[in-house]
Amino acid sequence: MTNSIGEIRDADFLFVIGSNTSEAHPIIAMEMKRAVRRGATMVVADPRAIWMTTIAEKHLQLMPGTDVWLLNAMAHVIIEEGLTDDEFIAEQTENFEAVRAKVRGYTPEEAELVTGVPADDIRWTARRYAATPRAGIYYTLGITEHSHGTDNVYALANLVLMTGHLGKESAGMNPLRGQNNVQGANDAGATPVFFPGYQSWDDEEVVAKYEQSWGAPLSRRPGLNLNEMMKKAGSVVKGMYVMGEDILLSEPNVLALEERMNGVEFLVLQDAFINETARFADVVFPAAVFAEKEGTFTNSERRVQRVRKAVEPPAEARADWEIVCEMARRCGVDWQLNDPSQIYDEFVRDAPKFAGISYQRLETEIHDGKTGIQWPCPTPDHPGTKFLHQGGVLRGKGLFTAVDYRPSEETCDIHYGLLLSTGRTLYHYNAATQTRRESGLDVKQPEAFVEIHPRDARGRGIADGDRVVVTSRRGSVTVRAVRSRQVRPGCVWMPLHFAEARANVLTNDAGDAVTGTAEYKVCAVEITRAEEGSAVEGLFPGAYFGLDGPGPGAEVESEG
Amino acid sequence: MSERNLITLNGQDVEFTAGETVLEVAARHGLEIPTLCHDPRLDPAGACRTCLVEIEGWRRMPPSCATKAMPGMVVSTESERIARHRETLLSLYLTDHTQDRTEAESYGPDQLFEMADRYGAEQDWGAMETVRAARPGDRNPYVHFHPESCIVCARCVRYCEEVEGVSAITLAGRGSKTTIATVDELSLLDTTCEMCGGCIDVCPTGAMAEKMPITRTARPERELEKVRSTCNYCGVGCQVDLNVDTAANDGAGRVVKVTSPPAGTTTNDGNLCVKGRFAYDFVEHPERIQVPLVRGADGELRAASWDEALERAAAGLLGVKERHGADSLGFISSSRCTMEENYLMQKLSRGVFGTNNIHQCAAT
């Protein structure tokens with residue numbers, strides 16, 4: 001996030017795209033609700049009628065994967081109607097002309113044909129976004145989990161830059177991080193392209209610095225990202241060390257991955273619970289959970305916060321950091337790191353953006369009425385950074401990037417007539433190794449389901465609660481059908497959490513060319529009825545939301 | 001306005017910003033005014049009347065939570081008249097509240113008893129017959145409503161509407177029968193409730209309480225040790241207080257409750273969601289892996305010592321490197337683990353095994 005969570009309540013216009021905020025980030029949703037209560041205008045762009053649309057001024061219900069069309073059309077309107085912030089563009093950006101030329105062809109009328117969003121709504125949203133000084137964009141995996149995810153992000157960034165909604169409070173470009181420590185894991189350099197603190201892996205000065213710091217020769221060869229590692233599992237990647245992830249539940253197209261995993265010669269797994277990946281493990285280390293160890297998580301707004309040990313881990317389980325230290329020792333390297341605060345100090349020593357942060361400061365300091373410190377924080381007396389790009393874009397000039405619409409890798413055909421998107425629900429979390437073990441959460445949402453529009457369900461003879469088989473080119477799973485008007489006709493939606501009905505059996509492992517992030521949000525499927533079931537009232541978002549309850553459309557349906 | 005924004009508060013001139021209430025100005029200057037119905041996250045209701053103050057020239061005592069500071073106001077928060085009013089009021093509230101303090105505190109901290117102690121209110125004025133309806137059939141797993149403790153301050157109802165925005169609970173009935181209800185007395189599970197537990201967080205008397213600690217007969221909250229940490233679910237980074245029964249599990253401790261730090265002190269502003277507040281059972285789940293496991297000759301995983309498991313793991317990965325080169329190894333770190341652990345994982349990958357094949361599940 002360029003800006004902070006606490007600034008959301010003071011925003012006057014919120015453009016929420018590809019984020020099911022009230023389910024995936026409930027506390028950020030509360031800030032948005034507060035803003036709307038105060039009088040702010042919210043527009044939600046999402047293929048589903050998520051909860052946030054109930055308080056939004058407009059819901060742009062676009063077809064999955066057509067984001068670039070929608071965003072370029074908004075840029076088209078802003079430029080055509082002279083709503084750009086020309087001073088900001090001239091002083092703080094470069095390459096605007098390329099975008100101007102590119103979006104000329106993206107008219108709202110044509111956008112309507114592709115995205116399904118009325119041209120007038122696109123115009124209205126573009127005008128309001130451009131004309132409101134405190135206007136923020138909030139997005140999540142609905143933007144990034146596409147084969148053209150990077151293009152989506154560029155198209156959003158173009159809107160931010162051309163309207164100058166950057167470097168000021170309650171505005172900016174705000175990706176809401178999915179996991180507790182997505183930010184921290186990237187800060188730490190657990191990515192092939194960066195050393196800790198976002199220092200390029202191929203910058204010779206950086207590599208030399210770390211060679212000296214760690215006292216070891218380092219590779220100059222590029223690394224594989226997660227998507228590539230999964231695609232090359234068994235062929236190129238012959239050994240794996242997996243810490244705290246269930247790749248066989250979370251990765252796309254898992255059946256193909258399972259086959260490739262047979263070619264992996266050795267796999268070490270480190271987790272708190274036995275998961276699907278354990279089937280391929282040669283060694284499993286028992287790991288402590290967050291309540292049993294010390295450390296830091298860094299949240300979406302770059303705020304470094306402490307994790308503290310409350311209870312002892314069970315039996316022989318140990319903290320992940322202890323196990324990794326011990327592994328290094330067994331491989332002949334003693335790091336002599338005996339405490340997470342020592343690890344933190346070593347991390348900041350070579351990472352200038354973080355150099356001012358220490359456990360001691362995290363323990364004692366309060367900034368802006370809140371605990372934790374937001375990086376960048378280069379010196380021990382620096383208070384941290386509430387929002388980025390203040391007084392000038394960080395890289396010198398904000399770079400416009402002209403992007404063209406590319407269809408998703410997979411679209412509907414006569415065999416697979418529905419577009420599947422996957423996502424999270426409020427009541428479970430990711431691979432659900434934790435939440436499926438919560439009696440309470442499992443009462444609320446005990447099994448996997450697929451949301452299907454009544455019109456599509458009727459055509460396939462599917463009643464609410466029926467068990468159905470969802471099939472893609474890669475595999476099939478059996479789940480319960482929930483007839484719901486939350487989804488568009490032609491689109492269906494499934495949660496990703498359930499091991500007995502893995503949505504990722506279906507998903508496409510086509511990755512974004514830059515980030516490798518897989519296309520979890522769009523793949524073609526077909527659905528057939530397996531057996532009659534009974535609708536379970538109140539258990540599923542569709543019914544729970546009341547959207548498929550008796551209403552004006554009910555009689556029409558029963559006739560069909 | 002050129003006039004400075006000043007009010008006189010108990011004889012001292014203090015500044016305020018436009019729009020601040022007397023209660024907020026007082027709190028900012030370290031002056032505590034008691035209140036039962038106010039919460040900084042909610043619109044002022046002025047309902048409980050415990051926060052009344054005296055303002056020079058005003059005939060009545062106004063509620064400080066709903067009175068905006070105006071330049072030149074002369075405010076007293078303590079006086080014989082205020083003290084008399086508070087005592088009477090708190091004693092009256094206690095007649096509409098369970099007399100059993102031990103029972104009440106088993107549901108949660110009870111600010112009414114604490115306030116009565118602090119301000120010397122009589123606690124023996126008898127009890128009204130309790131006619132407030134409970135919701136006995138509510139099969140929701142988390143939120144318990146204990147009507148005997150309810151004083152109808154409506155903080156829970158207002159939080160549900162104003163902050164969480166779902167309006168799952170409502171005030172129903174009249175007079176002493178007024179209660180906290182759902183539509184048609186439905187279970188919270190079947191309403192728009194999203195189980196955020198905010199109603200529990202804002203309740204001053206423990207009338208809205210957590211089911212799990214009650215059914216597990218946890219000790220009262222004040223006897224638990226609070227450990228401030230960061231929630232391990234999504235990327236918001238809510239601060240949580242893990243409430244630990246330190247004597248449980250033979251001294252290893254047990255998390256029996258998760259509460260949020262006070263509003264206004266952390267990013268989450270006192271709020272939590274269903275997962276952050278309630279989903280901590282996994283910590284002590286019997287399926288947690290207890291000991292290291294290695295795959296035996298029979299193809300099954302079996303228990304092993306740390307020594308054996310570490311040796312096997314190191315030899316296995318080094319063996320792959322020897323046979324196929326460093327870039328045949330893949331290190332998959334985790335955005336669920338700490339920054340420090342991710343740092344070490346990439347250091348292991350790059351510095352010990354010599355490959356840049358290090359990544360994790362982060363995609364945004």
Side-chain angles (χ1 to χ4, degrees), chain A residues 26-27 33 175 177 179-182 184-185 188-190 192 214 216 219 223-226 229 237-245 266 268 282-284 286 290-291 295-297 299-300 305 307-308 310-312 314-316 320-321 324 330-331 333 340 343 347 434 437-438 440 443 517 538, chain B residues 141-142 165 190 227 229-230 232-233 235-237 242 244 252-253 267-268 271 273 279 281-283 285 288-291 293-295 309-310 312-314 316-317 320 324 328-344 346 351-352 354 356-357 359-364:
Chain A
I27 303 304
K33 292 169 189 175
R177 298 295 201 174
Q179 279 93 255
N180 51 332
N181 201 30
V182 167
W214 294 345
S219 164
L224 303 173
N225 64 37
L226 184 59
M229 280 193 239
V237 179
K238 300 279 194 183
M240 284 188 190
Y241 186 173
V242 182
M243 174 173 82
E245 198 191 334
F266 198 81
V268 179
D282 294 284
V283 176
V284 179
F290 84 116
T296 59
F297 291 155
N299 77 353
S300 284
Q305 304 187 109
V307 174
R308 293 188 182 86
V311 294
E312 293 296 330
E316 293 186 31
D320 291 292
W321 66 268
V324 178
R330 300 283 168 151
C331 295
V333 186
I343 305 170
F347 159 67
Q434 295 175 8
R437 292 184 168 87
E438 299 289 333
V443 165
T517 301
Chain B
Y142 296 131
D190 303 321
V227 179
S229 193
T230 305
N232 90 134
Y233 288 102
V236 176
L242 304 174
V244 181
T267 286
N268 44 314
N271 304 314
C273 77
D281 266 8
F282 73 88
V283 174
H285 198 278
R288 284 286 301 276
I289 311 174
Q290 307 282 328
V291 294
L293 307 170
V294 297
R295 199 165 294 280
L310 286 162
R312 270 282 286 277
L317 293 177
V320 171
H324 306 288
S328 66
L329 290 170
F331 291 80
I332 298 166
S333 195
S334 176
S335 55
R336 309 298 318 282
C337 292
T338 65
M339 197 300 295
E340 291 76 1
E341 288 158 349
N342 278 283
Y343 174 83
L344 291 185
Q346 61 88 35
V352 176
N356 283 313
N357 291 350
H359 209 193
Q360 25 77 35
C361 40
T364 27

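In the text below, chain A, chain B and the rest are named by the order of the sequence lines, each starting its count at 1.
Between the side chain of A/N180 and the backbone N or O of B/R336, at least one donor-acceptor pair lies under 3.5 Å. Between the side chain of B/E340 and the backbone N or O of A/I343 there is no donor-acceptor pair closer than 3.5 Å. B/S335 contributes no side-chain N or O that, together with a main-chain N or O of A/A185, makes up a donor-acceptor pair within less than 3.5 Å. Within the 3.5 Å criterion, the main-chain N or O of A/P192 finds no donor-acceptor partner in the side chain of B/N356. Between the side chain of A/E245 and the main chain of B/I332, no donor-acceptor pair closer than 3.5 Å is present. Under a 3.5 Å cut-off, the side chain of B/E341 and the backbone N or O of A/W321 do form a donor-acceptor pair.
Contacts with chain A were tallied for B/N268, B/L317, B/V283, B/V352; B/L317 has the most, counting heavy-atom pairs under 4.5 Å. For chain A, the option among B/S229, B/S328, B/C337, B/S333 with the highest count of heavy-atom pairs below 4.5 Å is B/S328. Looking only at heavy-atom pairs under 4.5 Å with chain A, the residue among B/V244, B/V294, B/L344 that has the most is B/L344. By number of non-hydrogen pairs under 4.5 angstrom with chain A, the leading residue of B/D281, B/V320, B/V227, B/T230 is B/T230. For the set A/S219, A/P286, A/G223, the count of heavy-atom pairs under 4.5 angstrom toward chain B peaks at A/P286. Your options are B/A279, B/A314, B/P141, and the one with the most heavy-atom pairs under 4.5 Å with chain A is B/A279. Ranked by heavy-atom pairs under 4.5 Å with chain A, the list B/I289, B/N342, B/N271, B/V236 is led by B/I289. Between chain B and the residues A/G239, A/S300, A/G295, the largest count of heavy-atom pairs under 4.5 Å involves A/G239.
Closest of all the heavy-atom pairs between B/A313 and A/V283 is N-CG2, 4.0 Å. Across all their heavy atoms, B/G253 and A/V311 have their closest contact at C-CG1, 3.4 Å. Closest heavy-atom contact between A/A315 and B/Q290: CB-OE1, 3.2 Å. Between B/G330 and A/M229, the shortest heavy-atom contact is CA-SD, 3.6 Å. For A/G184 against B/M339, the heavy-atom pair with the smallest separation is O-CG, 3.6 Å.
Proximity to chain B involves both the backbone and the side chain of A/M240, based on heavy atoms less than 4.5 angstrom apart. Heavy atoms of A/V307 lying under 4.5 Å from chain B belong to its backbone as well as its side chain. Heavy atoms of A/K33 lying under 4.5 Å from chain B belong exclusively to its side chain. The contact between A/V242 and chain B is made by backbone and side chain atoms together, counting heavy-atom distances below 4.5 Å.
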Requested in this report: Kindly indicate, with the supporting measurements, whether the criterion side chain to side chain contact (heavy atoms under 4.5 Å, CB included) is fulfilled by A/F297 and B/T338.
Outcome: CA-CA 5 Å; A/F297 291 155; B/T338 65; 3.9 Å; yes

Report task. Go through A/Y241 and B/L329 one step at a time and tell me if the side chain to side chain contact (heavy atoms under 4.5 Å, CB included) criterion holds. Result -> CA-CA 8 Å; A/Y241 186 173; B/L329 290 170; over 6 Å; no

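Using bins of under 30°, 30° to 60° and over 60° for the plane-to-plane angle, the ring pair B/F282/A/F290 lands in the parallel bin.
Here CZ of B/R295 is found 10.5 Å from CZ of A/F266. Values are rounded to the nearest 0.5 Å.
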